Amino acid sequence: MPSTGTVRFWLLDASYEVVGKIPEIRLWGVTDDDLRIVVIDRSFRPYFYVLPQDDVSPQELLKRLNAEIHGKRPVLNMEIVEKKYFGKPVKVIKVTCLIPADVPKYRELFRTLKGVEDVLEADVRFYMRYIIDHQLRPCGWHEVKVRPLPKNKNWHVDAVYEALEPPKPIEYDRLPRLRILAFDIECYNPKGTPKPERDPVIIISLMTSEGEKKLLTANDYNDILLLREFVDFVKSYDPDVIIGYNSNRFDWPYLIERSKKLGVRLAVSRANSSPAPSVYGHYSIVGRANVDLYDFAEDMYEIKVKTLENVADYLGVMPKDKRVLIDGIEIYKYWDDPNLRKTLFEYALQDVMSTYGIGEKVLPFAMQLASLVGLTLDQVGAASVGFRVEWYLMREAYLQGELVPNRIERPYAPYKGAIVLEPKKGVHENIAVLDFSSMYPNIMISKNISPDTYVPPEEVDDPSKYNIAPEVGHAFRKEPPGFYKRVLSKLLNFRRQIKEEMKRYDPQSVEYRILDERQRAVKVIANACYGYAGWVGARWYKREVAEATTAWGRETIKETIKLAKVLGLKVIYGDTDSIFVEYDKEKVEKFIEAVKERFNLEIKPDKVYVRVFFTEAKKRYCGLLPDGRIDVVGLEAVRGDWAEIAKEVQERVLEIILKEGSPWKAVEYVRSIVDALRAGKVPISKLIIWKSITKGFEEYEVRAAHVVAAKRLVKAGYKLEIGEKIGYLIIKGPGKLADKAWPYVLVKDPEQIDYEYYIERQVLPAALRVLRYFGISDNILLSGHKQATLFDFLGGA
DNA sequence: GCCTTGAAGTTACCG
DNA sequence: ACCGGTAACTTCAAGGCG
């Protein structure tokens with residue numbers, strides 16, 4: 001066994017355990033030569049800070065703290081250190097403890113002591129503390145001086161090392177050859193949503209990055225061997241990343257409950273342990289990254305109902321029309337009937353292939369995000385945007401010697417946001433859309449907006465030393481650069497640098513792809529900083545910061561509009577950081593220059609519409625692009641809570657209007673759909689309306705249709721979780737709309753459907769939203785004969 | 001008691 | 001558990017009418 005050496009590894013997961021009263025950090029990684037290793041560091045200790053009150057000397061407080069712990073279990077060390085708190089130099093007492101569990105104990109003990117202003121950074125998990133303090137990068141490479149340790153037979157790794165000093169992150173853009181395992185389970189469900197205490201798992205489908213596909217099946221209705229096979233498969237394949245779809249909310253909890261009931265040890269981790277519920281609602285599998293791809297699907301706003309097959313279809317991984325689809329509620333029938341089982345096998349296989357395919361599309365971004373914000377791969381997806389931003393900020397704070405503010409409960413405090421212009425309604429030709437690039441981040445940088453540069457009105461002396469926000473009057477010191485300014489400048493520079501580097505690579509290359517995902521991750525975090533600052537749950541929350549940012553934003557866009565008008569550009573519309581103007585190449589170029597000159601902000605032409613149509617409403621329009629594509633914004637056609645048939649009709653109407661300029665052709669088309677509806681020729685799937693259940697049933701104050709439908713679904717034995725979408729149909733009969741809403745899975749007879757509702761409340765309103773502006777009324781759409789319209793008057797096409 | 005009206009509740013969008 | 005601005009739907013209760 002070699003004595004010491006240097007190991008280069010890619011960080012996959014981090015965990016810790018107290019062994020013999022010593023906390024032990026475990027870094028699970030993959031080496032440059034593709035070995036799975038764990039690096040152990042027993043030298044790190046948990047700590048937190050005690051901030052003295054203004055009038056109390058740190059030395060004096062240190063004495064008091066020492067007196068307080070006298071006779072109790074001692075802390076490891078207490079010392080005075082210099083840090084910054086909201087930019088101001090402070091002396092704080094760093095309290096280092098023996099084990100992580102001591103931190104909350106001493107925090108409580110010290111917090112209420114006389115002379116203590118606050119206790120800081122006592123709520124940072126031990127392994128996160130380690131990652132931050134050594135600036136480790138999850139999904140990034142490190143070098144570490146190590147001494148090999150004897151292998152622990154409980155750990156599924158090729159080698160165990162003791163770190164002789166903390167690992168150092170290194171620049172190295174290669175990806176390790178990761179073993180990725182996609183899995184999906186099917187459960188027996190004759191009574192609606194399956195219950196682990198009652199219903200067996202019948203199939204577990206698996207796919208690996210080597211292309212191996214495998215179906216593990218139950219012995220009819222006995223799944224005990226199936227579960228054991230699954231554990232054995234995971235152990236022998238030994239994946240680095242395990243991906244599933246909705247696995248944190250369904251597959252893992254189900255498998256865990258089921259194993260418990262059947263007495264199977266679900267020891268799938270690299271430390272021989274079971275998946276354990278952890279932060280942000282994810283399941284932690286020690287030594288591996290357990291990634292739920294659903295978390296990333298949530299950011300794909302184009303997909304309205306985020307089922308596995310819809311996401312796979314959207315990403316081009318597994319076209320919906322070329323795969324086996326089984327209605328979830330009918331799975332048990334395919335199991336019961338031996339002749340149908342092979343269809344179910346096919347279905348399960350396609351599910352896991354879809355999952356694997358989505359993983360290929362999503363993981364590169366997930367890894368870049370993890371690396372940027374410093375959360376492990378399995379946590380980064382589960383963490384909300386606010387927490388992703390916050391971890392990034394905490395890393396930066398550490399680098400800058402800034403103390404991390406505590407999270408405190410605050411009441412919600414509203415403030416004014418952006419401006420939306422009243423659109424000039426109707427059809428316009430040749431319209432350019434100009435956008436400010438990263439408007440809020442750039443405003444925060446140029447005005448130095450930050451909690452630590454904010455100065456309350458009574459302390460404002462010489463106004464020339466401050467940037468004063470319009471409308472709201474908040475003042476921010478011009479110097480020195482505040483926390484947000486430093487962080488955002490770094491992020492924007494980083495992104496510029498990445499984009500520069502991308503030019504050196506072939507867009508088809510792996511390097512290019514990695515860099516592109518990296519710049520995307522940087523952009524996402526930079527753009528979320530403003531919203532984060534205005535979030536009452538944020539550690540670096542400051543209402544005035546968010547409020548001043550939007551105030552300068554409003555001023556900027558208003559002045560920009562004036563400038564456009566001065567240059568003779570007609571402004572059609574604008575929202576927050578964009579303006580729509582007539583596209584006159586020369587004038588637009590001049591205008592871009594003038595904006596740069598005036599605000600030191602970049603405004604870029606985003607696109608030019610050949611034709612664009614506005615209703616009188618804000619945030620709803622439709623544009624025809626030079627390549628013939630159609631952009632629909634805000635209208636029913638892009639909303640998930642309208643029936644597919646209504647959306648389809650509106651989209652086609654828009655296309656006819658924008659491409660052919662013929663309202664009458666559109667009318668004919670709408671009539672044909674109305675006829676088809678009445679004739680029952682429209683598939684029921686196009687009539688389903690999808691709406692989210694956003695809270696518990698008791699919390700609803702009105703009898704809304706989707707809630708009534710959801711209750712009916714639950715009554716029929718289905719489980720529904722908050723945040724889930726319910727698909728319902730409107731059925732013929734008396735009473736309120738809500739009375740007529742039934743979950744589609746419970747509607748057996750198409751005759752029950754209230755087609756008149758779909759005509760009057762779905763298709764016609766969606767069509768008329770557009771056609772009304774061409775003088776078309778609902779009567780015209782419903783009756784058969786042509787009448788003169790305003791459009792004819794105006795001599796339209 | 002019936003109908004109209006407007007506020008309130010609700011969702012999902014835009015940037 | 002990132003923000004505010006916005007449209008549009010349905011429900012519900014108040015008010016007017018008779």
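What you are looking at is a predicted structure, and each value in this text was computed from that prediction instead of being measured.
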Please encode protein proximity along nucleotides 8-15 of chain B as a string of B, S and -, counting only heavy-atom distances under 4.0 Å.
-SSBBSBS

Can you sort out the partners of A/Thr560 under side chain to side chain donor-acceptor pair (under 3.5 Å), two or more places apart, ordered by chain and number?
none

Length of the [atom1]-[atom2] vector between [X] and [N], whole Å:
X: A/Asp299; N: C/dC2; atom1: CG; atom2: P; value: 11 Å
X: A/Lys647; N: C/dC9; atom1: NZ; atom2: P; value: 16 Å
X: A/Ile689; N: C/dC9; atom1: CD1; atom2: P; value: 12 Å
X: A/Arg554; N: C/dG4; atom1: CZ; atom2: P; value: 12 Å
X: A/Lys618; N: C/dA8; atom1: NZ; atom2: P; value: 12 Å
X: A/Leu737; N: C/dC12; atom1: CG; atom2: P; value: 12 Å
X: A/Lys736; N: C/dC9; atom1: NZ; atom2: P; value: 18 Å
X: A/Ile443; N: C/dC3; atom1: CD1; atom2: C1'; value: 14 Å

Base, sugar-phosphate, or nothing for [X], non-hydrogen atoms under 4.0 angstrom?
X: A/Ala705; answer: nothing
X: A/Arg388; answer: nothing
X: A/Gly531; answer: base
X: A/Arg543; answer: nothing
X: A/Tyr541; answer: nothing

According to salt bridge (Lys or Arg N to Asp or Glu O under 4.0 Å), who are the partners of [X], at least two apart in sequence or on a separate chain?
X: A/Lys604; answer: none
X: A/Arg543; answer: A/Glu547
X: A/Arg410; answer: none

Would a 4.5 Å heavy-atom cut-off, applied to side chains only, mark A/Asn406 and A/Leu120 as touching?
yes

Report all side-chain donor-acceptor pairs from residues 570-577 of chain A shorter than 3.5 Å, counting only partners two or more places apart or in another chain.
from, atom 1, to, atom 2, distance (Å)
A/Tyr573, OH, A/Lys619, N, 2.9
A/Asp575, OD1, A/Lys619, NZ, 3.4
A/Asp575, OD2, A/Lys619, NZ, 2.8

Tell me if the NZ atom of A/Lys425 is crowded by more than 12 foreign heavy atoms within 6.0 Å.
no

